[in-house]
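Heads up, the thing below is written out as structure tokens.
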Protein chains: 2
Amino acid sequence: MTVSERGPRERMVFSAAQLIRRGGVAAAGMRDVAAHAGAPRGSLQHYFPGGKEQLVNEAVAWAGRYAADRVARFLAAMPEPSPSGLFSAMAQQWIDEFRAAGFAGGCPVAAATVDCAEAAESTRTAAADAFARWSRPVAEALRDMGVPRERAGSLATLMISALEGAILIARSERDVRALTTVTRELGPLLDGCAAPQEPAR
Amino acid sequence: MTVSERGPRERMVFSAAQLIRRGGVAAAGMRDVAAHAGAPRGSLQHYFPGGKEQLVNEAVAWAGRYAADRVARFLAAMPEPSPSGLFSAMAQQWIDEFRAAGFAGGCPVAAATVDCAEAAESTRTAAADAFARWSRPVAEALRDMGVPRERAGSLATLMISALEGAILIARSERDVRALTTVTRELGPLLDGCAAPQEPAR
DNA sequence: CGCGGACTATGACAGTCGTCATAGTAGACG
DNA sequence: CGTCTACTATGACGACTGTCATAGTCCGCG
């Protein structure tokens with residue numbers, strides 16, 4: 001999370017994502033971003049000549065990359081990968097964060113979609129790209145676990161949808177209940193798609 | 001949807017929900033709400049002395065009631081209710097709207113959660129209440145279909161989570177793919193929970 | 001008629017926003 | 001040394017925002 005020692009540009013993108021997570025795009029002012037990143041305000045227009053829209057887009061892209069990297073990490077850490085195990089790890093990351101840091105922040109991609117999908121076309125596509133980048137390693141992992149190729153993508157979409165929705169509900173309730181519930185209910189279904197293939201080898 | 005002839009107060013709440021749906025809470029200015037509702041600007045402070053926060057909260061509550069009513073309608077219209085049929089109807093409503101009216105608006109409860117969960121406590125609880133009110137008739141319907149009592153609530157949470165997430169993805173992609181995918185993948189699981197009970201009678 | 005409450009109208013306020021213009025510093029290179 | 005480029009600093013601008021104060025209209029009731 002706190003990879004503070006990068007260039008000031010990366011820090012600003014990261015800070016933008018952090019602030020967007022909390023109160024949406026409108027609540028993440030340019031001055032706030034600079035302050036949060038410990039970067040000079042004047043650098044904003046230097047590094048992001050495209051203005052706020054560019055900054056938001058890069059923050060969304062960063063979030064997509066981050067999510068994809070986490071998926072790879074989860075998989076690498078699992079001795080016996082299973083679809084339910086992967087989903088559980090993805091949800092557990094949010095449960096852990098909510099418990100440790102409170103329910104202040106949600107998913108920045110979701111926030112950008114809600115706030116900008118209609119107003120800023122480039123941000124909308126940035127969000128779509130982020131979801132796609134996130135879902136790709138998930139689908140690939142499912143295939144490796146024996147899920148038929150044509151269903152892997154669909155299940156990845158289902159997993160991310162359920163996770164995003166549960167994050168919303170959890171944040172509104174200030175309770176991780178929705179996340180644990182979704183994990184419990186979705187797990188068996190996911191494994192049911194992999195099982196008929198894997199032991200058949 | 002367009003129940004235009006109500007009192008000006010209701011129209012303003014409705015308009016607020018409509019605008020929040022599109023660009024988030026920040027993009028729904030008070031002046032815009034009055035204009036969209038065809039209501040005088042001066043009425044805002046008269047009907048909503050609690051300011052924008054009150055207006056947003058009522059819009060969120062309205063959305064929760066609306067969603068619950070729709071669930072009741074879907075059930076009443078189904079000759080042979082099934083969990084997958086209910087979920088399909090819920091998702092289909094969104095598919096129809098996206099196809100007919102474009103991807104301009106998402107779920108106002110999700111938007112309010114993203115934008116206000118951290119900043120405005122009352123809006124956060126309003127969103128939680130809206131989700132609860134929405135999920136209650138879903139859970140009750142599942143019970144009536146033979147889903148064990150202790151799982152009905154969990155499945156309702158899963159359904160709403162998956163739907164909310166799919167709405168987000170669909171809006172970012174400007175494609176109903178996520179909604180159709182989630183419907184297709186979740187349907188069998190949901191019916192699998194009801195089947196073992198119902199035919200046993 | 002006259003009074004009173006519900007509702008409307010409108011301009012002003014203080015604040016914040018993103019953006020820009022302008023000037024300034026720091027360091028590398030010739 | 002001079003100069004060029006990368007980056008920083010800061011104040012100002014106009015366009016908003018939500019909120020408020022004040023005055024005005026309308027209509028029913030006594």
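Just so you know, these numbers use all the heavy atoms, side chains as well, and skip hydrogens, waters and symmetry mates. Quick caveat: nothing in here was measured; it's all calculated off a predicted structure. In what follows, chains are A, B, ... by sequence order, proteins preceding strands, each numbered from 1.
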Calculate the interatomic distance between [X] atom [atom1] and [N] atom [atom2]; express it in whole Å.
{"X": "Met12(A)", "N": "dC7(D)", "atom1": "CE", "atom2": "C1'", "value": "10 Å"}
{"X": "Tyr47(A)", "N": "dT19(C)", "atom1": "OH", "atom2": "P", "value": "18 Å"}
{"X": "Glu10(B)", "N": "dC7(C)", "atom1": "CD", "atom2": "C1'", "value": "17 Å"}
{"X": "Leu44(B)", "N": "dC7(C)", "atom1": "CG", "atom2": "C1'", "value": "12 Å"}

Under 4.0 Å protein heavy-atom contacts per nucleotide of nucleotides 18-26 of chain D, with B for base, S for backbone only and - for none: BBBB-----

Verify, without hydrogens or angle tests, whether [X] (side chain) and [Y] (backbone) share a donor-acceptor contact under 3.5 angstrom.
{"X": "Asp191(B)", "Y": "Ser84(B)", "value": "yes"}
{"X": "Arg143(B)", "Y": "Pro148(B)", "value": "no"}
{"X": "Arg21(B)", "Y": "Cys107(B)", "value": "no"}

Has Arg133(B) got more than 12 heavy atoms of other residues, nucleotides or ligands less than 6.0 Å from its CZ? no

Greater than 12 external heavy atoms within 6.0 Å of Arg124(A)'s CZ: yes

Students often mix this up, so state it plainly: with edges at 30° and 60°, are the rings of Phe98(A) and Phe103(A) parallel, tilted or perpendicular? parallel

Closest listed nucleotide, where the reference is the side chain of Asp32(A) and the choices are dA6(C), dC17(C), dT8(D): dC17(C)

How close do Ala170(A) and Val176(A) get, counting heavy atoms only, and between which atoms? CB-CA, 4.4 Å

Report yes if the side chains of Tyr47(B) and Val13(B) come closer than 4.5 Å at any heavy-atom pair, otherwise no. no

Residues in residues 105-116 of chain B with a heavy atom under 4.0 Å of DNA chain C, by number, are none

